[in-house]
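Report on the following structure.
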Amino acid sequence: MAVFDFDTVINRENTASVKWEQVKQVFGQEDVLPMWVADMDFNPPHEVAEAIKKRIEHEILGYTFIPDSTGEAIQAWLKKRHNWEIHPAWIAYCTGIVPAISTAIQAFTEPGDKVLLQSPVYHPFFRMVEKNGRVVANAQLKLVDNCFEIDWEQFETRLKEGAKLFLSCNPHNPGGRVWTKDELVKMVDLCAQYNCLFLSDEIHSDLVYPPHVHTPVAALGETYRDMTITCVAPKKTFNLAGLKASAVIIPNPELRKKFKDVQAVNGTSALNTFGIVGMEAAYRYGGEWLDALLVYLKENIDTAARFIAERLPQIKVMETEGTYLMWLDCRAFGLSEDELKDRLWKKAKLGVEIGRKFGPGGEGFVRINIACPRETLMEGLSRLEKAFA
């Protein structure tokens, strides 16, 4: 097995890194340690950079189409990693999951329609619903024994009230829950009962830790497949957000046509040349790298959990079943959201996400990104301790 280096601290200055070079704009100070946006501080698989170098050596960068080989690479990856059989013809390509969600909202709902969410959740879900003139129908998750659970009564009520599209986040961001097969079946059955389409954001699906297993909703059966829009991408898995390449898998031909029709209107179906090359290389050759990454990330998660338990026992750490984002319950300190932000951003100079950003249920929580070298993680944890000293 190859040896992969996740310990080396890489200087990301002068790369236009949102995470590292916009700390002053985001946090108001230059000397903040950024552990916020979902972006890893690791080099991606070597084969990705090599494939992009090989392509650029040709030098001519004219109009590019997406070759069949890209869809075949996605097909093979999903079969091997998630036991999900897809056909490349089911794929619509998009620059990102957020644009894909916006396109789906436009394709499958009308202005004024209700779109179902489960807060606290990835904040662009709210923004895309509202910016498109739709109405957020929120079925807030329940916190039970420091774990998110679905409020089934509220979930069904929102469907009864007429929600047309459900935006699911699995694995869940920010909580790190990996919804079980039983939970997914119940959610999609209720959506089917009330004629609500199911959009599943599965961008973190490759980042799941045993014994938890990711289940693609569309793999549960033909009925589920035909009412599901699934969003995947190599962006989180392989740290390729800058390549702007994602895949939207829509088995139902009628739904797929509606989605692509909106893309045609908006002119958003093309991918960057290097995004195509990088996505294919990652899915073809990145498996061994990912296996090593998951071990390292799990060690980071365990290290952070131990540190907090020993040094900051007031903070409850939700189990991270998937993603590289940890969700910390800081409510025991009795601080307002602004006080919490000041402690972390100004006093400790630690750039983390404040929970209210993720909607109702996020108040008093903090999301921290642990996808970094161990040295950086320990510095971040030291600053977290300083925030509450």
Side-chain angles (χ1 to χ4, degrees), residues 38 63-66 70-71 74-75 78 86-118 121-138 162-170 173 188 191 195-205 216-218 224-237 240-273 275-276 278-279 359:
Y63 289 112
T64 307
F65 66 90
I66 302 169
T70 302
I74 296 170
Q75 178 188 40
L78 292 173
I86 74 159
H87 193 287
W90 297 351
I91 301 172
Y93 293 94
C94 197
T95 55
I97 302 302
V98 174
I101 289 171
S102 181
T103 301
I105 290 169
Q106 294 170 34
F108 306 125
T109 68
E110 298 294 334
D113 279 350
K114 294 177 180 178
V115 178
L116 176 59
L117 313 177
Q118 294 172 305
V121 73
Y122 182 50
H123 50 91
F125 278 24
F126 291 92
R127 187 172 73 245
M128 288 302 99
V129 173
E130 293 163 352
K131 291 290 186 183
N132 280 293
R134 277 62 168 177
V135 178
V136 171
N138 186 25
K164 300 298 184 185
L165 178 66
F166 170 43
L167 304 183
S168 169
C169 192
N170 183 36
N173 173 11
V188 77
C191 286
N195 197 30
C196 178
L197 292 177
F198 196 116
L199 186 148
S200 188
D201 173 3
E202 301 184 9
I203 195 169
H204 290 100
S205 58
V217 176
Y224 304 135
R225 185 186 73 189
D226 285 343
M227 59 175 289
T228 304
I229 301 97
T230 305
C231 300
V232 299
K235 296 160 68 172
K236 305 302 180 190
T237 306
L240 302 176
L243 291 184
K244 302 292 184 184
S246 302
V248 185
I249 302 166
I250 313 175
N252 184 317
E254 182 181 343
L255 297 182
R256 189 167 62 251
K257 182 180 184 304
K258 287 183 178 180
F259 186 92
K260 288 189 172 184
D261 283 349
V262 173
Q263 284 191 307
V265 170
N266 294 335
T268 57
S269 58
L271 295 185
N272 176 283
T273 299
I276 298 167
M279 176 161 60

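Since the model is a prediction, treat every value here as computed from it, not as a measurement.
Looking only at side-chain heavy atoms (C-beta outward), Phe198 and Val217 come within less than 4.5 Å of each other. Side chains of Tyr93 and Ile74 form a contact here, defined as non-hydrogen atoms less than 4.5 Å apart. Looking at Glu130 and Val136, their side chains come closer than 4.5 Å, going by heavy atoms from C-beta outward. By the 4.5 Å heavy-atom criterion applied to side chains, Met227 and Val188 are counted as neighbours. Between Trp90 and Ile250, the closest side-chain pair of non-hydrogen atoms is not below 4.5 Å. With contacts defined as side-chain heavy-atom distances shorter than 4.5 Å, the pair Cys94/Gln263 qualifies. The closest side-chain heavy-atom distance from Leu117 to Phe126 is below 4.5 Å. At a threshold of 4.5 Å between non-hydrogen side-chain atoms, the residues Lys164 and Phe108 do not count as touching.
Here the side chain of Arg134 pairs a donor or acceptor atom with the backbone of Asn132 at under 3.5 angstrom. The closest donor-acceptor contact from the side chain of Asp201 to the backbone of Ile203 lies under 3.5 Å. A donor-acceptor pair under 3.5 Å is formed between the side chain of Thr109 and the backbone N or O of Ile105. Between the side chain of Gln75 and the main chain of Ile86, a donor-acceptor pair closer than 3.5 Å is present. A donor-acceptor pair under 3.5 Å is absent between the side-chain atoms of Ser102 and the main chain of Pro99, judged by distance alone.
Of all heavy-atom pairs between Pro124 and Val98, the closest is CB-CG2, 3.8 Å. Closest approach of Cys169 to Asn173, counting heavy atoms only: SG-N, 3.4 Å. Between Ala100 and Cys231 the shortest heavy-atom distance is CB-SG, 4.1 Å. In plain terms, the two heavy atoms of Glu202 and Ser205 that are nearest each other are O-OG, 2.8 Å. What you find for Gly96 and Lys235 is that their closest heavy atoms are CA-NZ, 3.4 Å. In plain terms, the two heavy atoms of Val232 and Ile97 that are nearest each other are O-CD1, 3.8 Å.
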Problem - Stepwise side-chain contact (heavy atoms from CB on, under 4.5 Å) test for Phe259 and Thr103 - result: CA-CA 7 Å; Phe259 186 92; Thr103 301; 3.6 Å; yes

Exercise for the section: Would you check, one step at a time, whether the test side-chain contact (heavy atoms from CB on, under 4.5 Å) holds for Leu271 with Met279? Expected result: CA-CA 10 Å; Leu271 295 185; Met279 176 161 60; 3.8 Å; yes

Exercise for the section: For the pair Leu167 and Leu116, evaluate side-chain contact (heavy atoms from CB on, under 4.5 Å) and give the outcome as yes or no after the intermediate values. Expected result: CA-CA 6 Å; Leu167 304 183; Leu116 176 59; over 6 Å; no

Problem - Pair Val248-Ile229, side-chain contact (heavy atoms from CB on, under 4.5 Å): steps then yes or no - result: CA-CA 7 Å; Val248 185; Ile229 301 97; 3.4 Å; yes

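More than 12 heavy atoms of other shown residues, nucleotides or ligands fall within 6.0 angstrom of atom CG in Asp261.
Atoms CZ and CD1, from Arg225 and Ile249 in turn, are 12.5 Å apart once rounded to the nearest 0.5 Å. To the nearest 0.5 Å, the span separating CD1 on Ile66 from OG on Ser269 amounts to 7.5 Å. For the atom pair NZ of Lys236 and OG of Ser246, the computed distance is 9.5 Å after rounding to the nearest 0.5 Å. Taken to the nearest 0.5 Å, the CG atom of Asp226 stands 8.0 Å off from the CG atom of Leu255.
Side chains of Gln118 and Asn138: no donor on one and acceptor on the other come within 3.5 Å.
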